[in-house]
Amino acid sequence: MPAKALPRPCTGTGGHVQCRRGAPASRPWSVGVAGGAMRVGAGGRLVAAAAGERSDAVQAAAVAGGKHHANGSAVAGMDKLVTSTVGKSTNILWHDCPIGQPERQKLLNQKGCVVWITGLSGSGKSTLACALSRELYSRGHLTYILDGDNLRHGLNRDLSFEAKDRAENIRRVGEVAKLFADAGLICIASLISPYRSDRSGCRSLLQNSSFIEVFLNVPLEVCEARDPKGLYKLARAGKIKGFTGVDDPYEPPSDCEVIIHCKAGDCATPKSMADKVVSYLEENGFLQD
């Protein structure tokens, strides 16, 4: 039985993919960097297959090369190409590029890391994040802030404050923070993140001690007296359920890198707090490549 005919070759310019009518269907195809199909175009360049052509192209190439694996993960001349399953994602392939974190860090003259600021609502996490970003910027360092409330305006807008969704919220932020650190940036994440297990999960995503946990140790009564968003008042009135510190626990870090203490009438200025974190980054080599 003859092999299935290959899709006609496509070209792409300006972000659009077009198929040429009547083009020969005998050009070779190969698997792309993420399991997608690529064809060899003019001058030996690889051109992405159009939508809907990927699986057929991979299978056709596998048959033509005399190697046909059930999932299309191996094709002629590419015996070591093996796709994997991660969670619910199947047939995916990790692709490494020649420019990696070391090259990006050298370009930025800093080491990528995640500064994870945790504490009760009203403890000053966002204030510290902005002060730290400002201080590092003034010294010529590139940062990005992942603020808990800001992220719930977009990336995490589909998540509630129930335990399961809170865990997913932290997991997503941890994965995004990891990408920023890999890009060579100093990523500043400011979230309540009340559970140790969730914070530990984020820590495990990063290597070489590049997860710096900063605990704003501010007593509940001080945070409640501040109550900048009026949330404690609503929680005490029973209008908000599962509010950290009121009817849901906060688990303080047991082994964090930086602790900033604050007592009633004795709290450091945002700049002083930022300077303490900067000192840690300097002493541990994060502010130089």
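All residue numbers refer to positions in the sequence shown, counting from 1. No hydrogens, no waters, no symmetry mates; every other heavy atom, side chains included, goes into these values. Please read all numbers here as calculations on a predicted model, not as lab measurements.
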Passes side-chain contact (heavy atoms from CB on, under 4.5 Å), Gln207 versus Gln101? Steps please.
CA-CA 12 Å; Gln207 301 176 348; Gln101 187 189 49; over 6 Å; no
Do you know the tightest heavy-atom contact between Arg236 and Leu220?
NH2-CD2, 4.0 Å
Does the distance from a Lys or Arg side-chain N to an Asp or Glu carboxylate O, for Glu168 and Lys164, drop under 4.0 Å?
no
Charged N-O contact under 4.0 Å between Asp147 and Lys125:
no
Any cation-pi pair here, Arg152 with Phe161, using under 6.0 Å and within 45°?
yes
Closer than 4.0 angstrom, basic N to acidic O: yes or no for Glu213 and Arg196?
no
Supply the atom-to-atom distance Leu159 CG to Leu151 CG, rounded to the nearest 0.5 angstrom.
10.5 Å
d(Ser84 OG, Ile92 CD1) to nearest 0.5 Å is 4.5 Å
Let me confirm one number: the OH-NE2 distance from Tyr137 to His141, rounded to the nearest 0.5 Å.
13.0 Å
Okay, side chain of Asp247, backbone of Gly242: is any donor-acceptor separation there less than 3.5 Å?
yes
Taking Glu135's backbone N and O only, do any of them form a donor-acceptor pair with Lys271's side chain (distance below 3.5 Å, no angle check)?
no
Contact check, side chains of Ile212 and Asn284, non-hydrogen atoms, under 4.5 Å:
no
Report the distance from atom CG of Leu107 to atom CG of Leu142, rounding to the nearest 0.5 Å.
10.0 Å
Are Tyr250 and Thr118 close enough that some pair of their side-chain heavy atoms sits under 4.5 Å apart?
yes
Are side-chain heavy atoms of Leu185 and Leu108 found at a separation under 4.5 Å?
yes
Do Leu136 and Leu287 have side-chain heavy atoms sitting under 4.5 Å apart?
yes
Arg203 and Asp255 ion-paired at < 4.0 Å:
no
Are Trp116 and Val277 joined in one hydrophobic group, where the rule is that I, L, V, M, F, W and Y side chains link up if heavy atoms are under 4.5 Å apart?
no
Decide yes or no for Leu231 and Val246: does some side-chain heavy atom of the first lie under 4.5 Å from some side-chain heavy atom of the second?
no
Atom of Val218, atom of Ser123 and distance for their closest heavy-atom approach
CG2-O, 3.7 Å
On a heavy-atom basis, the closest approach of Glu257 and Tyr280 is CG-OH, 3.2 Å
With rounding to the nearest 0.5 angstrom, report the OG to CG distance, Ser190 to Asn150.
7.5 Å
Residue Glu221 excluded, over 12 heavy atoms near CD under 6.0 Å:
yes
Audit row: Ile192, Arg166, side-chain contact (heavy atoms from CB on, under 4.5 Å) steps and yes/no:
CA-CA 10 Å; Ile192 295 175; Arg166 294 189 81 160; 4.3 Å; yes
For Gly174 versus Cys202, what's the shortest heavy-atom pair and its separation?
CA-SG, 3.7 Å
Between Phe211 and Phe180, is there a shared hydrophobic cluster once you connect ILVMFWY residues whose side-chain heavy atoms come closer than 4.5 Å?
yes
Could you state the interatomic distance from CG (Asp198) to OG (Ser193), rounded to the nearest 0.5 Å?
8.0 Å
Is Pro252 close to Asn217 at the side-chain level, that is, under 4.5 Å between some pair of heavy atoms?
no
Determine yes or no for a side-chain-to-main-chain donor-acceptor pair under 3.5 angstrom, with Ser133 supplying the side chain and Ala129 the backbone.
no
Heavy-atom pair with the smallest gap, counting every atom of Pro249 and Pro194
O-CB, 3.7 Å
Out of curiosity, does Val115 fall in the hydrophobic cluster containing Val173 (side-chain heavy atoms, cut-off under 4.5 Å, transitive links)?
no
Determine, for Asp182 against Lys178, whether the closest basic-nitrogen to carboxylate-oxygen distance falls under 4.0 angstrom.
no
Any side-chain to backbone donor/acceptor pair from Lys111 onto Gly184? Under 3.5 Å, distance only.
no
Does Tyr144 share a hydrophobic cluster with Leu132, counting links as ILVMFWY side-chain heavy atoms below 4.5 Å and allowing steps through other members?
no
When you look at CD of Glu162, are more than 12 heavy atoms from neighbouring residues, nucleotides or ligands closer to it than 6.0 Å?
no
Taking Leu191 as the starting point, is it possible to reach Leu205 by hopping between hydrophobic residues whose side chains are less than 4.5 Å apart?
yes
Check whether Arg172 reaches the backbone of Leu155 with its side chain - one donor and one acceptor, N or O, closer than 3.5 Å.
yes
For residues Cys262 and Met273, determine if any side-chain heavy atom of one lies less than 4.5 Å from a side-chain heavy atom of the other.
no
Kindly determine whether Cys130 and Ile145 satisfy side-chain contact (heavy atoms from CB on, under 4.5 Å), including the steps that lead there.
CA-CA 8 Å; Cys130 290; Ile145 297 174; 4.2 Å; yes
Check: Gly285 main-chain N/O paired with Gln288 side-chain donor or acceptor under 3.5 Å:
no
Is there a side-chain contact between Cys113 and Leu281, using heavy atoms and a 4.5 Å cut-off?
yes
Specify the closest pair of heavy atoms between Ser209 and Phe286, including all atoms of both residues, with the distance to one decimal.
O-CZ, 3.5 Å
